[in-house]
Protein chains: 2
Amino acid sequence: MTLADQPPAAALVFQTLLQHGPLSRAEIGRRTGLTPGAVTKVATPLMVDGWITEVGRPTTERASGRPATLIAVRAERALFAGVKVTGEELIGVLADLTARPLAASRVRLDSRDVGTVVLAIARLVDELRAMAGLTQVDTLHGIGVTISGDVDSRLGTVQYSPFLDWRRVPLAQLVETAAGAPTVIENDVRALTVAEQWFGAGAGLSTFALVTVGAGIGAGLSIGGRVVSGAHGVAGEVGHLPVSCVDRICTCGNTGCVEAVASTHAITEQARQATGNARLTMEEAVRLAHAGDPEVRAVFAGAGRAVGLALACVANLIGPERIIISGEGVASYDLFADHIRQSFVDHAFGAAVDCDLVVRPLPFEEWARGGAAVAAQRVFAPAK
Amino acid sequence: MTLADQPPAAALVFQTLLQHGPLSRAEIGRRTGLTPGAVTKVATPLMVDGWITEVGRPTTERASGRPATLIAVRAERALFAGVKVTGEELIGVLADLTARPLAASRVRLDSRDVGTVVLAIARLVDELRAMAGLTQVDTLHGIGVTISGDVDSRLGTVQYSPFLDWRRVPLAQLVETAAGAPTVIENDVRALTVAEQWFGAGAGLSTFALVTVGAGIGAGLSIGGRVVSGAHGVAGEVGHLPVSCVDRICTCGNTGCVEAVASTHAITEQARQATGNARLTMEEAVRLAHAGDPEVRAVFAGAGRAVGLALACVANLIGPERIIISGEGVASYDLFADHIRQSFVDHAFGAAVDCDLVVRPLPFEEWARGGAAVAAQRVFAPAK
DNA sequence: GACCTTACCTTTCCTTTGGAAACTAAGACA
DNA sequence: TGTCTTAGTTTCCAAAGGAAAGGTAAGGTC
C-alpha cells in the first residue's frame, strides 16, 4: 500500500517525479545521482503497482540519440482527505497524491467537544468521498487532520489546542476509528509548509519559511528539507516575536508581539480606535484604507512594518532561500506589501536581504490541503 | 586516513563513542540500532587502524553474564590545529580527535594583508606543532581555520570578512599550501557550534542554539543534528534582530539591534554616557556596576533584557532543546543573568520557556578549538 | 538504403552492507 | 561441574545499487 516496502531508491525516484513532474529515466538518474540501471530497476515495480506511468515523449526533441520516454506520477493512484479543524468550523478537501483538491467542503461546528468534533470529521470525510464519487471503503488511502496549537504528530495526539481548549487528545486514533482510514494529525502551519515543500513555492528548495498572516500570525520552517517541529512542540512562532515597540498588549500577555499589531483582530481594533467607530469591521477598514483614510492607512502600514520585522528575524536567524507570505487577507495585501518589503530590507542583515519574498494567496481550502499533503507524505516519504 | 573508506556503520559507531565515551559493543548496538554482529564487524578494522581501542571493564559490574569489554576512541590517533583569525590576532590550539586542546598560543597580527595572515597562520601551526613535540610532517591530520563573516566552507573561501576587509579569498587552499596540511575553513560561530555539538553542552541534542555575547553577538544553530549555514551564508545573526526599542544606532545602520545595546562596545558607550566619563572602560563599568552604581547597573540590565529577547526569538522560532549562552564577559554575567532569564521567560511563547538556558564560559582558546572540531569532523563525519 | 552516431534504456554480474542466527566466551552460581 | 546469562564472533544470506556490456530507437551521412 505504501512505498515503504520498496528500496530507498524507489522513494527517491518517486519524490523526484512528484516535485519536478514528468522526467525521463535518464534525467531522473542525473538528478538523483542514481545510475540509469538503478532507475529502471526501481521504476519497474512502481509502474507495475500503478504508482507511475509512461506519459510519452518530451516536447523538446533532441537532434540525436534514442528519444527519451517520460514517466510521471499517477496522482490518482491514491486519494487522501485533509481536514483543518478550527474553533468554529471544519474545512475539508479530498485530494490526490499531489495534494491537488478534487472536492472541498466546509462544516460549521456547534460544539468543541471532542466526540462531536470527531464525528463531524468522519461525516465530512464521508461527504467528500461522496462528492468525489467514491464508494468503496478502501479507496481512501489516508486522512490528515490539522489543527493549530501543540500537536505531536508522532504520537498522534493534540497536546494543547487553545481554540478548542483540548489537552492531550489522541485525535489520530479517534478519527481513524470513526472514519475508517489511516489518520495522521499535524499542526496546521506545519502541514501547510509540508504542502508547499512538496507541491508549492518551496518545492526544490532546501530551506524556506512559510509565514501566514491572518487571525494569527505563524510560520513553518523547512530547513534542510525537513519541517522543524521544535523540541517542545513550539517552532515558527513569529507571531510572538517581540519586535514591535508599540505598547498594545497581545493575547499572550506581552507587549511588542507582531500579532498584537498585525493580526486581523489587532488591525480591526486599531482601526476602530483611529476612526472612533467601535463597530468597524476588517472589511470596512480595508475599504477606508483603499479610499485613502490616512489614519487607517497608518494602521496597515504599522502592521506591515511589524510583519517585515518578523520576516527579517526569520531571515537573519535561519537564512532561508525564500520566504512565502501567505494569508487570508489577500485583498488587503497592497496595503501592507510595500511596508513589509521595506522593513524587511531595512532589517535583514547582510546577504539575508537576498532572500526571496513571495506572496501567495491562501484560499480557504488551502489549509485543508496541508492535511492531505501530510497524509500523502506518509505514503511517499515513509519513516522519517 | 579518514573513515570515509569505511562503511557507514563504522562512522556511526565511531561517532557514538565520541559523544558518549567508552561503551561496550553490545551497548553501542543498542544505541545505534545495529546488530551486535555488525558492531563487531565494523569495529575490528577501526581497532586495527588504531582509531579505537579496548579500555577495560565497566565499573558497574553486572551480576550475571559475560562481562562487557569497553571500547573507546583513541583521541591521540589524529591531531588537528585550530586557528581563529580576528582583525587583531590569531588564536591557535593543537587538539586531538575529541578537540581537547594540547597546546594553545596567540599571535598578534601586524597586517591584514592576505599573504601576511596566511604566513602567520602557517607559522602559528608550526609553533603549535613544536609545543606539542611533533616533528614529522604527517602527524598533523588537518587544520581548521575559523573567521567571522561570510565563509563558504564547501568552496573553502572567505566570501566577505568585515574585520579583515577580505572578499572572496580562497583561504583554505592558501593555508593548505603554506602549512602543508589539509585545511578547512568555517565561520567562527558555526565552528564553535560544531564543537559544542560533538563535545560540549550540545552533545546528544538534536536541536540547540549557541549564543555568543561579546564584541559581537552571534549564534550558531544546530537543527536536527546539522549546523545551519543559511542559503546566502547568513544564519544565526541574533545580533541584528530588531528587538530593542532603544534608539541607539547599530554598526549595521539600524536601530533596535541587540548588538546596539548589548555588545561590549555598546555597553561601554552607554556606561560612558551614563557616568559622563568619556574614558570609561568595560572593566571599570563592570566594577562600577558591582559597586552598585544604579545608572551603570541599568545599562547592564538593558543589555541583559535585549539578549533575553534575542533568546526568546530563537526559542520561539526554532524551538531548541537548549540554548547555550557563551561569551567573553563571564566576569560580568551576574550583572546580566537575571535580566536575560527574566526577559526570556517573559517573551518565550508557550512551551518554548521549557528551553534549557545554559551559561558557559568562553576562554580565549575555545574559539580556536572550534576550528579543530571542524577539521576533526572531516575525519569522522565525512561527506555531509 | 546500409551504416554510423548518439543517447536512452535494460540486463547481467558483482560488490558492499548489514541483518539473522548459530556459536563461542567468560563469569556467577548452584 | 553443569547451567544460566550476557558479551562478543562467525557464518551465511538477502537487499541494494553500481559497473559495464548490450539492446534499442531515432537522426545523419555517404
Side-chain angles (χ1 to χ4, degrees), chain A residues 2-17 20 22-49 51-72 381-383, chain B residues 2-17 20-49 52-72 381-383:
Chain A
T2 71
L3 302 184
D5 50 353
Q6 300 287 330
L12 199 58
V13 166
F14 194 77
Q15 289 165 15
T16 306
L17 286 176
H20 295 86
L23 292 172
S24 70
R25 292 171 178 79
E27 183 58 28
I28 294 173
R30 268 173 244 125
R31 295 201 190 221
T32 58
L34 294 168
T35 57
V39 176
T40 293
K41 205 180 316 186
V42 113
T44 308
L46 289 181
M47 197 113 55
V48 170
D49 259 20
W51 294 103
I52 59 177
T53 182
E54 298 195 338
V55 292
R57 296 288 162 81
T59 50
T60 58
E61 287 282 341
R62 238 184 327 284
S64 63
R66 171 178 173 178
T69 312
L70 295 179
I71 52 180
Chain B
T2 71
L3 302 184
D5 50 352
Q6 300 285 332
L12 198 59
V13 167
F14 195 77
Q15 289 165 17
T16 306
L17 286 175
H20 296 85
L23 292 171
S24 70
R25 290 172 179 78
E27 183 57 27
I28 294 173
R30 268 174 244 127
R31 296 202 189 222
T32 56
L34 293 168
T35 57
V39 176
T40 294
K41 205 179 318 185
V42 112
T44 308
L46 289 181
M47 195 114 55
V48 170
D49 258 20
I52 58 175
T53 183
E54 299 196 336
V55 292
R57 296 287 163 79
T59 49
T60 57
E61 288 282 343
R62 240 184 327 282
S64 64
R66 172 179 173 176
T69 312
L70 296 178
I71 53 180

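Not measured: the values here are computed from a predicted model. Order of the sequence lines fixes the chain letters, A, B, ..., with proteins taken first and strands second; residue numbering starts at 1 for each chain. Keep in mind that the numbers below use all heavy atoms, side chains included, and drop hydrogens, waters and symmetry copies.
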At their closest point, which heavy atom of [X] faces which heavy atom of [Y], and how far apart are they?
{"X": "S24(B)", "Y": "L70(B)", "value": "N-CD2, 3.5 Å"}
{"X": "W51(A)", "Y": "F14(A)", "value": "O-CE1, 3.6 Å"}
{"X": "A10(B)", "Y": "Q6(B)", "value": "CB-CB, 3.5 Å"}

Nearest-nucleotide pick for [X], side chain only, options being [options]:
{"X": "T35(A)", "options": "dG18(C), dG18(D), dC9(C)", "result": "dG18(D)"}
{"X": "A26(B)", "options": "dA7(D), dC9(C), dA20(C)", "result": "dA7(D)"}
{"X": "T40(B)", "options": "dC9(C), dT9(D), dA19(D)", "result": "dT9(D)"}
{"X": "L34(B)", "options": "dC9(C), dG18(D), dG19(C)", "result": "dG19(C)"}

Could you tell me how far apart [X] ([atom1]) and [N] ([atom2]) are, to the nearest whole angstrom?
{"X": "R30(B)", "N": "dG8(D)", "atom1": "CZ", "atom2": "C1'", "result": "12 Å"}
{"X": "Q6(B)", "N": "dG18(C)", "atom1": "CD", "atom2": "P", "result": "11 Å"}
{"X": "E54(A)", "N": "dC9(C)", "atom1": "CD", "atom2": "P", "result": "8 Å"}
{"X": "R25(A)", "N": "dT11(C)", "atom1": "CZ", "atom2": "C1'", "result": "14 Å"}
{"X": "D5(A)", "N": "dA14(D)", "atom1": "CG", "atom2": "P", "result": "18 Å"}
{"X": "L70(B)", "N": "dG8(D)", "atom1": "CG", "atom2": "C1'", "result": "13 Å"}
{"X": "M47(B)", "N": "dT9(D)", "atom1": "CE", "atom2": "P", "result": "7 Å"}
{"X": "I71(B)", "N": "dG8(D)", "atom1": "CD1", "atom2": "P", "result": "8 Å"}

Degree of bending in the helix from dG1(C)-dC30(D) to dA30(C)-dT1(D) once both end axes are built from five pairs, to 10°: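 Roughly 30°, once rounded to the nearest ten degrees.
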Partner of T32(B) under side chain to side chain contact (heavy atoms under 4.5 Å, CB included), chosen from V42(B), L12(B), L23(B):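 So, applying the side chain to side chain contact (heavy atoms under 4.5 Å, CB included) to T32(B) and each of V42(B), L12(B), L23(B), only L12(B) qualifies.
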Identified side chain to side chain contact (heavy atoms under 4.5 Å, CB included) counterpart of I71(B) within the set I52(B), T53(B), V55(B):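 Exactly one pass, corresponding to I52(B).
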Would you give the length of the straight line joining atom [atom1] of [X] to atom [atom2] of [Y], rounded to the nearest 0.5 angstrom?
{"X": "E54(B)", "Y": "R25(B)", "atom1": "CD", "atom2": "CZ", "result": "4.5 Å"}
{"X": "M47(B)", "Y": "T40(B)", "atom1": "CE", "atom2": "OG1", "result": "8.5 Å"}
{"X": "T69(A)", "Y": "R57(A)", "atom1": "OG1", "atom2": "CZ", "result": "5.0 Å"}
{"X": "R30(A)", "Y": "T16(A)", "atom1": "CZ", "atom2": "OG1", "result": "13.0 Å"}

CA sep, side-chain torsions, deciding dist, call: I28(A), L34(A), side chain to side chain contact (heavy atoms under 4.5 Å, CB included): CA-CA 8 Å; I28(A) 294 173; L34(A) 294 168; 5.6 Å; no
Base, sugar-phosphate or nothing for [X]? Non-hydrogen atoms, less than 4.0 Å.
{"X": "T69(B)", "result": "sugar-phosphate"}
{"X": "T44(A)", "result": "nothing"}
{"X": "P7(A)", "result": "sugar-phosphate"}

Pair of N/O donor and acceptor under 3.5 Å linking dG8(D) base with K41(B) side chain: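 When only heavy-atom distances are counted, K41(B) does not reach the base of dG8(D) through any donor-acceptor pair under 3.5 Å.
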Tabulate atom names and distances for all N/O pairs under 3.5 angstrom spanning the protein and nucleotides 24-27 of chain C.
{"from": "dA25(C)", "atom 1": "O4'", "to": "R66(B)", "atom 2": "NH1", "distance (Å)": "3.4"}
{"from": "dG27(C)", "atom 1": "OP1", "to": "R57(B)", "atom 2": "NH1", "distance (Å)": "3.4"}

